[in-house]
Number of protein chains: 2
Amino acid sequence: MDVRTACLGILTRGDATGYEIKKLFEDGPYHYFVEASFGSIYPALGRLTEEGLVSVRAEARAKRPERKVYSITDKGRRAFVEALTGPLPEDRFRSPFLFAMTFEDLVPNEHLKAMLDHQIATAQSRLVQLEQSASATNRGQAFVCDFGRTMYATMLQYLKQRRSEFAAPVLDAAE
Amino acid sequence: MDVRTACLGILTRGDATGYEIKKLFEDGPYHYFVEASFGSIYPALGRLTEEGLVSVRAEARAKRPERKVYSITDKGRRAFVEALTGPLPEDRFRSPFLFAMTFEDLVPNEHLKAMLDHQIATAQSRLVQLEQSASATNRGQAFVCDFGRTMYATMLQYLKQRRSEFAAPVLDAAE
DNA sequence: GTTTGCATGTAAACGGTTACATGATTGG
DNA sequence: CCAATCATGTAACCGTTTACATGCAAAC
């Protein structure tokens, strides 16, 4: 999903500044399947404003830089629902890890072990985060959260199960 | 993984033309976690040649356009192993589907049903493809293939299990 | 007193896709 | 006869990232 549409989505849930939108992408339940930097969020918000899909009000605050609070308009709301209703781009999973594993025979065993351990640690921490995350506020959020838990749990199980097969130390039996 | 590195990887397995590399990305076991278009492959190959990481020989064939067969050089092989050994970019899963599900309350139930069914059908066909795919030629390929099978199987199970919850027809009980 | 958090934005560079241009061969 | 496959490449465009520029307030 492009940043434009993602911002529009966030704003259907309530007003926000560009800064807050970034926070929501990072910390919120969207974290696992969308992401965006300031360099894409601010221009997107500018364009959405031009097109009348969102409106801005500048809040001047004593001794701090002004903040621009964005609200979605009716037109924006309609455009967003249209985007959700139309054909969605396909999900894509890009995995440098799996790519590297394909060339496992070219990588020294020591590094292979490190790679697998890193992958396990990452999956583990993501799973923990998902399990600790606040219970969802609606059906959709619950669906997505459970999806993530299920997938990461499976991934973790698979990686752990297969690890020994690849990382069996040959000489260093003590470790 | 960028197209450059991906091409280099393919060429560690044997010589190929730009056209064949694209085919391998599309049909081979890489399909699920890398992709590239001609517009990125040809320039990448050109740059790799300039840098001496690959070499080209032009095969002129009677009455057909010439083909340029690329081979990886020793320098290229070393560069590739270095890329695999260095820190890898993080895996990323971008899911317009999950994003849309988060806003399930804004989408008409009929469309939600279609979305889920589409997702189920996609996962199903990918799983079938993976299950039918030729058995891997090495440990790494087997690992990756099984990874895919495991993940898609889990995804499919989850989607099917949850479908009723979301798509329960309200009026059209006959369907 | 230094780091973190809040807050906005721009410009250049990057990597990639899409569309275009070309053309012969093979299979239905 | 038409579509698909083989085969190469370029140019325009697009969205995004990275780095830069700025600055105050609060927490440590």
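To find a chain, count down the sequence lines: A is the first, B the second, and so on, and within it residues start at 1. All figures in this text were calculated on a predicted structure; none of them were measured in a lab. Hydrogens, waters and symmetry mates are skipped; everything else that's a heavy atom, side chains included, is used.
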Side chains of residues 15-22 of chain A: which donor-acceptor partners sit under 3.5 Å, not counting sequence neighbours?
{"residue": "A:Asp15", "atom": "OD1", "partner": "A:Ser71", "partner atom": "OG", "Å": "3.3"}
{"residue": "A:Asp15", "atom": "OD2", "partner": "A:Arg57", "partner atom": "NH2", "Å": "2.5"}
{"residue": "A:Asp15", "atom": "OD2", "partner": "A:Ser71", "partner atom": "OG", "Å": "3.0"}
{"residue": "A:Thr17", "atom": "OG1", "partner": "A:Tyr19", "partner atom": "N", "Å": "3.4"}
{"residue": "A:Thr17", "atom": "OG1", "partner": "A:Glu20", "partner atom": "N", "Å": "3.1"}
{"residue": "A:Glu20", "atom": "OE1", "partner": "A:Thr17", "partner atom": "N", "Å": "3.0"}
{"residue": "A:Glu20", "atom": "OE2", "partner": "A:Arg67", "partner atom": "NH1", "Å": "3.3"}
{"residue": "A:Lys22", "atom": "NZ", "partner": "A:Glu26", "partner atom": "OE2", "Å": "2.8"}

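Distance OH (B:Tyr42) to C1' (D:dA11): 16 Å, rounded to an integer number of Å. Residue A:Leu45 contributes atom CG, which lies 14 Å from atom P of C:dA7 at whole-angstrom precision. The CD-P distance, from A:Glu59 to C:dC6, rounds to 15 Å in whole Å. Here the P atom of nucleotide D:dG9 and the CD atom of B:Glu50 are 13 Å apart, to the nearest Å. Rounding to whole angstrom units, OH of residue B:Tyr70 and P of D:dA7 are separated by 13 Å.
Aromatic pair A:Tyr158/B:Phe147: centroids less than 6.0 angstrom apart.
Within residues 17-25 of chain B, the residues having any heavy atom closer than 4.0 Å to DNA chain D are, in order of number, B:Thr17, B:Gly18, B:Tyr19, B:Lys23.
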| query | Step by step, would you call A:Leu156 with A:Gln124 a side-chain contact (heavy atoms from CB on, under 4.5 Å)? | reply | CA-CA 7 Å; A:Leu156 197 57; A:Gln124 182 80 69; 3.6 Å; yes
| task | Evaluate the side-chain contact (heavy atoms from CB on, under 4.5 Å) criterion for residues A:Arg162 and B:Thr150: first the C-alpha distance (whole Å), next the side-chain angles of each, then the deciding distance (0.1 Å), finally the verdict. | result | CA-CA 12 Å; A:Arg162 286 286 195 123; B:Thr150 305; over 6 Å; no
| request: Using a 4.0 Å cut-off on protein heavy atoms (strictly under), produce a 5'-to-3' string for nucleotides 16-23 of chain C with B for base contact, S for backbone-only sugar-phosphate contact, and - for none. | output: SBB----B
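The hydrophobic cluster containing B:Tyr30 also contains B:Leu11, counting ILVMFWY residues as joined when their side-chain heavy atoms lie under 4.5 angstrom apart, directly or transitively.
Ion pairing between B:Glu90 and A:Arg126 holds under the 4.0 Å rule for side-chain N and carboxylate O.
Counting non-hydrogen atoms of other residues, nucleotides and ligands closer than 6.0 Å to CD of B:Glu131 gives a total above 12.
Atom OG1 of A:Thr122 sits about 9.0 Å away from atom OH of A:Tyr152, to the nearest 0.5 Å.
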